[in-house]
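A short worksheet on the structure shown next.
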Amino acid sequence: QLVESGGGLVQAGGSLRLSCVSPENNLDRYDIGWFRQAPGKEREGVSCISTGGGITNYADSGKGRFTISRDNAKTTVYLQMNSLKPEDTGVYYCAATAFCSGFQKSRYHYWGQGTQVTVSS
């Protein structure tokens, strides 16, 4: 199971950087995706990155504002979120997949417990 951190309360226009790690230090074996779930809504994909970092995908909601990256030496995947909006509020999860080609949840595994992001207006 993966572990997310870095969430918090931020004003609109602010930034947060989320981190995703594996307690087993094997994150470098997988493509990793970030998802989020707002209250009363379905969990939706935000971004994903390939094992080497050369392939990244973004949902329209985060394009131009979010940047996914990874440091395989530290076995950490990051999600830098800038220009945050109140609609970005939700619990953010990371999960592992064999291939970062989209955000079909059934193709992702080892979901973490999530980290809460709250953006105030």
Side-chain angles (χ1 to χ4, degrees):
Q1 192 172 29
L2 305 181
V3 179
E4 306 90 344
S5 64
L9 173 64
V10 64
Q11 290 187 332
S15 299
L16 284 173
R17 188 177 78 160
L18 307 183
S19 298
C20 173
V21 299
S22 168
E24 298 181 0
N25 289 322
N26 60 358
L27 207 67
D28 55 337
R29 299 180 185 180
Y30 303 101
D31 290 9
I32 299 296
W34 281 98
F35 290 74
R36 68 186 183 187
Q37 188 165 17
K41 294 188 177 181
E42 292 286 324
R43 192 172 299 187
E44 62 178 6
V46 174
S47 184
C48 64
I49 188 168
S50 60
T51 51
I55 297 173
T56 57
N57 287 311
Y58 295 91
D60 289 343
S61 59
K63 284 181 180 177
R65 300 186 299 126
F66 296 175
T67 303
I68 192 170
S69 62
R70 68 190 304 159
D71 182 339
N72 283 337
K74 296 182 179 179
T75 63
T76 304
V77 172
Y78 303 99
L79 184 68
Q80 177 68 44
M81 304 189 295
N82 299 328
S83 302
L84 283 162
K85 305 174 182 179
E87 51 263 46
D88 294 317
T89 294
V91 179
Y92 283 69
Y93 302 88
C94 63
T97 185
F99 186 54
C100 167
S101 64
F103 302 113
Q104 186 176 349
K105 292 186 290 293
S106 61
R107 297 178 61 245
Y108 285 81
H109 310 282
Y110 311 124
W111 294 86
Q113 294 298 310
T115 185
Q116 176 70 46
V117 170
T118 303
V119 184
S120 63
S121 57

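Please read these numbers as outputs of a predicted model, since none were measured by experiment.
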Flag the pair [X] / [Y] as yes when at least one side-chain heavy-atom distance between them is below 4.5 Å, and no otherwise.
X: Arg43; Y: Lys105; answer: yes
X: Met81; Y: Tyr92; answer: yes
X: Val117; Y: Thr89; answer: no
X: Thr76; Y: Arg70; answer: no
X: Pro23; Y: Val3; answer: yes
X: Gln113; Y: Gln1; answer: yes
X: Arg107; Y: Ser101; answer: yes

What heavy-atom pair brings [X] and [Y] nearest, and what distance separates the two atoms?
X: Gly45; Y: Ala59; result: O-CB, 3.3 Å
X: Lys63; Y: Tyr58; result: CE-O, 3.2 Å
X: Tyr110; Y: Ala96; result: CD1-CB, 3.9 Å
X: Gly7; Y: Thr115; result: N-OG1, 3.0 Å
X: Asn82; Y: Ser15; result: OD1-OG, 2.9 Å
X: Pro86; Y: Ala12; result: CD-CB, 4.1 Å

Measure from the ring center of Tyr108 to the ring center of Tyr93 and say whether it is less than 6.0 Å.
no
Is the gap between the ring centers of Trp34 and Phe66 under 6.0 Å?
no
Checking side-chain polar atoms at under 3.5 Å, does Asp28 have a donor or acceptor matched by the opposite partner on Thr75?
no
We want to know whether Ser106 and Gln104 form a side-chain donor-acceptor pair, criterion being a heavy-atom distance below 3.5 angstrom.
yes
State whether Arg65 and Asp88 are salt-bridged, where the test is any N-O pair (Lys NZ or Arg NE/NH1/NH2 against Asp/Glu carboxylate O) under 4.0 Å.
yes
Residues that Thr56 engages under side-chain hydrogen bond (donor to acceptor under 3.5 Å, both in side chains), provided they are two or more places apart
none
Atom pair CD (Glu87) and NZ (Lys41), whose distance is rounded to the nearest 0.5 Å:
8.5 Å
Quick check on the hydrophobic clustering: are [X] and [Y] connected, directly or via other members, by side-chain heavy-atom contacts under 4.5 Å?
X: Leu27; Y: Phe35; answer: no
X: Ile68; Y: Val91; answer: no
X: Ile49; Y: Leu16; answer: yes

With no hydrogens and no angle check, is any side-chain donor or acceptor of Lys85 less than 3.5 Å from a backbone partner on Gly13?
no
Could you tell me whether a side-chain N or O of Glu4 sits under 3.5 Å from a main-chain N or O of Gly114, the two making a donor and an acceptor?
yes
I'd like to know whether Leu79 forms a side chain to side chain contact (heavy atoms under 4.5 Å, CB included) with Ser47, so could you lay out the CA-CA distance, the side-chain angles of the two residues, the decisive distance to 0.1 Å, and finally the verdict.
CA-CA 8 Å; Leu79 184 68; Ser47 184; 4.2 Å; yes
Take Tyr78 and Asp71 through the side chain to side chain contact (heavy atoms under 4.5 Å, CB included) test and state the conclusion after the steps.
CA-CA 8 Å; Tyr78 303 99; Asp71 182 339; 4.0 Å; yes
Take Thr118 and Val10 through the test side chain to side chain contact (heavy atoms under 4.5 Å, CB included) and record every step on the way to the result.
CA-CA 6 Å; Thr118 303; Val10 64; over 6 Å; no
Using a 6.0 Å cut-off, check whether atom CD of Gln37 has over 12 heavy atoms from anything other than its own residue.
yes
Could you walk me through whether Ile32 and Leu2 pass the side chain to side chain contact (heavy atoms under 4.5 Å, CB included) check?
CA-CA 10 Å; Ile32 299 296; Leu2 305 181; 4.2 Å; yes
